[in-house]
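Not measured: the values here are computed from a predicted model. The chains referred to below are lettered A, B, ... by the order of the sequence lines, with proteins before strands, and numbering in each begins at 1.
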Amino acid sequence: MNEPTTALGLEGGAVDEFRKRLAKLDAMREAGVEPYPVRFDRTATAGELHERFDALEPGSETDEVVRVAGRMLLRRDQGKLVFATLRDGGDSIQLFVSRSVVGDALFEAFGELDLGDWIGVEGTVMTTRKGELSVRVSSFQLLSKALRPMPDKWHGLTDVDVRYRQRYVDLIANDDARRVFTVRFDAISALRECLLAKGFVEVETPVLHAVAGGATAKPFVTYHHALDTDLFLRVAPELYLKRLIVGGFDKVFEIARVFRNEGLSTRHNPEFTMLELYAALVDYNDIARLTEEMIADAAQRSIGTTRVEWDGHDIDLTPPFRRATMIDLIREHAHVEMHPSMPVADARAICDSFGVPWQADWGSGKLMLEVYEKTTEHALVAPTFVMDYPREVSPLARVHRDDPMLTERFELIVAGRELANAFSELNDPVDQRRRFEAQARLKALGDDEAQGVDDDYLRALEFGMPPCGGLGIGIDRLVMLLAGVTSIREVILFPHLRPEVQ
RNA sequence: GCGCCUCUAGCUCAACUGGUUAGAGCAACGGACUCUUAAUCCGUUGGUUCCGGGUUCGAGUCCCGGGGGGCGUACCA
């Protein structure tokens with residue numbers, strides 16, 4: 001008998017089970033049957049059969065010959081009759097296997113199958129006396145042998161460590177895991193199609209950056225041997241996308257995996273997905289309208305409604321969302337008047353009164369943001385566009401047309417969490433250079449999240465970038481909201497975990 | 001990073017204040033059964049109690065160290 005060569009993580013009884021199943025493989029091959037055949041002609045999926053035949057009366061027989069394939073997850077043995085549940089995609093179909101129909105040899109072979117095996121069957125469509133749609137099997141073949149036992153057929157797999165590390169098993173055992181990812185895929189498709197329909201083009205920009213810019217975040221560093229230089233994994237695609245606006249693509253977007261070398265939590269994974277888009281000739285008010293339309297559309301097309309319940313809150317994603325300035329919202333929730341132009345001493349006093357720690361080099365704009373985050377952001381449950389951020393904390397946003405201390409920037413807050421960030425883009429290369437240099441000074445003072453000066457980006461702006469609105473949406477957080485889950489690991493197929501130890 | 005919690009059979013869970021040989025359901029194996037739905041019924045196998053030390057006559061249980069995971073918190077999206 002072959003020894004298991006890949007018995008990773010198997011112990012005790014599981015090794016015996018593994019060996020038993022390997023022995024079945026050997027026996028099949030000796031009998032001239034290939035346990036991993038190369039293909040199977042399927043004529044129907046379980047879902048299609050339900051669509052076509054769910055109206056059949058109990059006890060019906062048809063002449064409809066079908067070939068279905070899937071993973072056998074349950075078996076109910078009645079002696080000379082066996083019922084089995086075949087799982088195919090997200091659907092199931094029952095198999096009706098009668099000794100008198102398939103003959104003794106095939107019937108015995110069916111008994112040799114293990115739960116978890118992939119099989120292909122041919123048979124006719126029928127319903128049982130109790131009305132369960134089934135395939136009356138006339139023949140079957142093994143399509144792939146499962147060497148490892150499936151999780152508990154009733155309780156499934158609940159150990160979150162195993163669920164995340166072995167997502168394939170999670171997807172087999174837990175319907176809800178499949179549901180959550182279906183929401184994710186549908187939402188992303190909806191966002192993409194919505195943008196394509198509006199004339200946006202989907203682009204791909206570099207993941208390896210010489211200068212990590214476009215967001216204040218700590219990057220991952222890697223090393224290019226041939227070039228003998230450090231490179232950074234991108235923290236945002238922003239600066240490349242705006243180069244494309246300079247180049248004359250009027251409307252671009254990218255669904256971008258970005259990487260930030262920061263802590264892990266139920267809201268943070270080291271790599272996550274952002275949708276960023278830029279459109280020439282529009283401002284942040286246009287972008288706000290686009291944002292609420294896109295999010296409502298994604299909700300409608302992924303979960304069929306714009307009303308969601310999340311973490312105990314009822315949230316209505318039906319546009320239009322509330323729009324309010326940060327200054328007004330601070331007044332509303334903290335009952336204080338703040339403005340980036342106020343004396344720093346006054347702003348510090350307000351921070352002190354709310355127990356917000358501050359640093360000596362922060363101006364009133366940064367202090368105002370801190371007060372907002374402490375007192376207001378978490379209270380914004382219904383979707384809210386928080387408008388007009390201080391210039392001091394917005395190095396890439398255009399100065400507000402009516403107030404030189406503010407920028408034309410909004411964040412969309414839902415359930416107290418940031419879902420999107422957008423602004424009328426800064427396209428004045430002289431101003432942009434000054435703001436980069438301010439960031440570079442912070443970096444030199446030890447702020448490892450500050451951005452460096454990106455000279456090539458400045459050069460691009462010097463060729464002239466048209467007026468432009470830009471948006472970033474945190475896809476993982478949007479999906480959490482839509483799927484009703486509170487951990488980001490539930491919406492990332494393979495979330496980052498420490499390496500598995502043996 | 002820090003704090004709290006957690007880890008028992010392949011899976012889901014038991015095991016009073018430390019006390020015989022660590023149990024049950026599912027899965028697996030053997031048997032019965034031609035309309036089941038987590039099929040049922042009878043029987044059997046399966047354990048490095050995460051790892052390493054320690055205390056004790058005796059440790060799954062208590063202590064120390066290490067590892068994995070969860071939650072909270074900090075940084076952040």
Grab the [atom1]-[atom2] distance between [X] and [N] for me, whole Å please.
{"X": "A/K80", "N": "B/C33", "atom1": "NZ", "atom2": "C1'", "answer": "8 Å"}
{"X": "A/Q94", "N": "B/A38", "atom1": "CD", "atom2": "P", "answer": "10 Å"}
{"X": "A/L380", "N": "B/A77", "atom1": "CG", "atom2": "P", "answer": "17 Å"}
{"X": "A/N269", "N": "B/G69", "atom1": "CG", "atom2": "P", "answer": "13 Å"}

Counting heavy atoms from C-beta on, name the nucleotide in [options] closest to the side chain of [X].
{"X": "A/R267", "options": "B/U37, B/U12, B/U73", "answer": "B/U73"}
{"X": "A/T266", "options": "B/C71, B/C33, B/C13", "answer": "B/C71"}
{"X": "A/R477", "options": "B/C35, B/G69, B/A77", "answer": "B/A77"}

Next item on the list: Rounded to the nearest 0.5 Å, what's the gap from CD1 on A/I119 to NZ on A/K145? Could you check?
Entry: 10.5 Å
Item checked: Inter-residue atom distance A/Y372.OH - A/I330.CD1, 0.5 Å rounding -> 8.5 Å
Applying ring-ring contact (aromatic ring centres under 6.0 Å, His included), can you list everything that pairs with [X], at least two apart in sequence or on another chain?
{"X": "A/F96", "value": "A/F83"}
{"X": "A/Y278", "value": "none"}
{"X": "A/Y240", "value": "A/H209"}

Using the [atom1] atom as the reference point in each nucleotide, state the distance between [N] and [M] in Å, no decimals.
{"N": "B/G1", "M": "B/G18", "atom1": "P", "value": "35 Å"}
{"N": "B/C75", "M": "B/A15", "atom1": "C1'", "value": "43 Å"}
{"N": "B/G54", "M": "B/A59", "atom1": "C1'", "value": "11 Å"}
{"N": "B/C50", "M": "B/G69", "atom1": "C1'", "value": "11 Å"}
{"N": "B/C13", "M": "B/U17", "atom1": "C1'", "value": "23 Å"}
{"N": "B/G19", "M": "B/C5", "atom1": "C1'", "value": "28 Å"}
{"N": "B/C29", "M": "B/U45", "atom1": "C1'", "value": "7 Å"}
{"N": "B/U37", "M": "B/U20", "atom1": "C1'", "value": "43 Å"}

Need one value for [X]: base, sugar-phosphate or nothing, where a base atom within 4.0 Å counts as base even if backbone is also close, heavy atoms only.
{"X": "A/E132", "answer": "base"}
{"X": "A/L419", "answer": "nothing"}
{"X": "A/G472", "answer": "nothing"}
{"X": "A/D476", "answer": "nothing"}

Note to self: Pick the closest RNA chain B nucleotide for A/R136 and for A/G263 by heavy atoms, then say which residue is nearer the 5' end.
What the structure shows: A/R136
Notebook entry, point to check: Of A/R489 and A/T128, whose nearest nucleotide on RNA chain B comes first from the 5' end?
Noted result: A/T128
Listed pairs, N/O of protein and of nucleotides 41-45 of chain B, under 3.5 Å:
none

Check: Quick one: does A/R391's side chain have a donor or acceptor within less than 3.5 Å of a partner on A/T407's backbone?
Finding: no
Note to self: With a 3.5 Å distance limit and no angle check, can you tell me whether A/R234 reaches the backbone of A/R257 through a side-chain donor-acceptor pair?
What the structure shows: yes
[N] OP1/OP2 closer than 4.0 Å to side-chain N/O of [X]:
{"X": "A/S98", "N": "B/U34", "result": "no"}
{"X": "A/R498", "N": "B/G70", "result": "no"}
{"X": "A/S265", "N": "B/C75", "result": "no"}

Margin query: A/R99 and side chain to side chain contact (heavy atoms under 4.5 Å, CB included): which single residue from A/L81, A/D104, A/V82, A/L106 fits?
Written below: A/D104
Margin query: Quick test of the criterion, 5.5 Å between centres and less than 30° between planes. Is A/F272 stacked on B/A77 or not?
Written below: yes
Notebook entry, point to check: Does A/R398 have any salt bridge (Lys or Arg N to Asp or Glu O under 4.0 Å) partners at least two apart in sequence or in another chain, and if so, which?
Noted result: none
Item checked: Nearest heavy atoms of A/P237 and A/V258, plus distance in Å -> CD-CG1, 4.0 Å
Notebook entry, point to check: Can you find a heavy atom in the side chain of A/T124 that is under 4.5 Å from one in the side chain of A/V66?
Noted result: no
Look for any protein N or O under 3.5 Å of an N or O in nucleotides 25-29 of chain B and output each such pair with its distance, or none.
unit_1, atom_1, unit_2, atom_2, d
B/G25, N2, A/D152, OD2, 2.7
B/C26, O3', A/K153, NZ, 3.2
B/A27, OP1, A/K153, NZ, 2.5
B/A28, O2', A/E17, OE1, 2.9
B/A28, O2', A/K20, NZ, 2.7

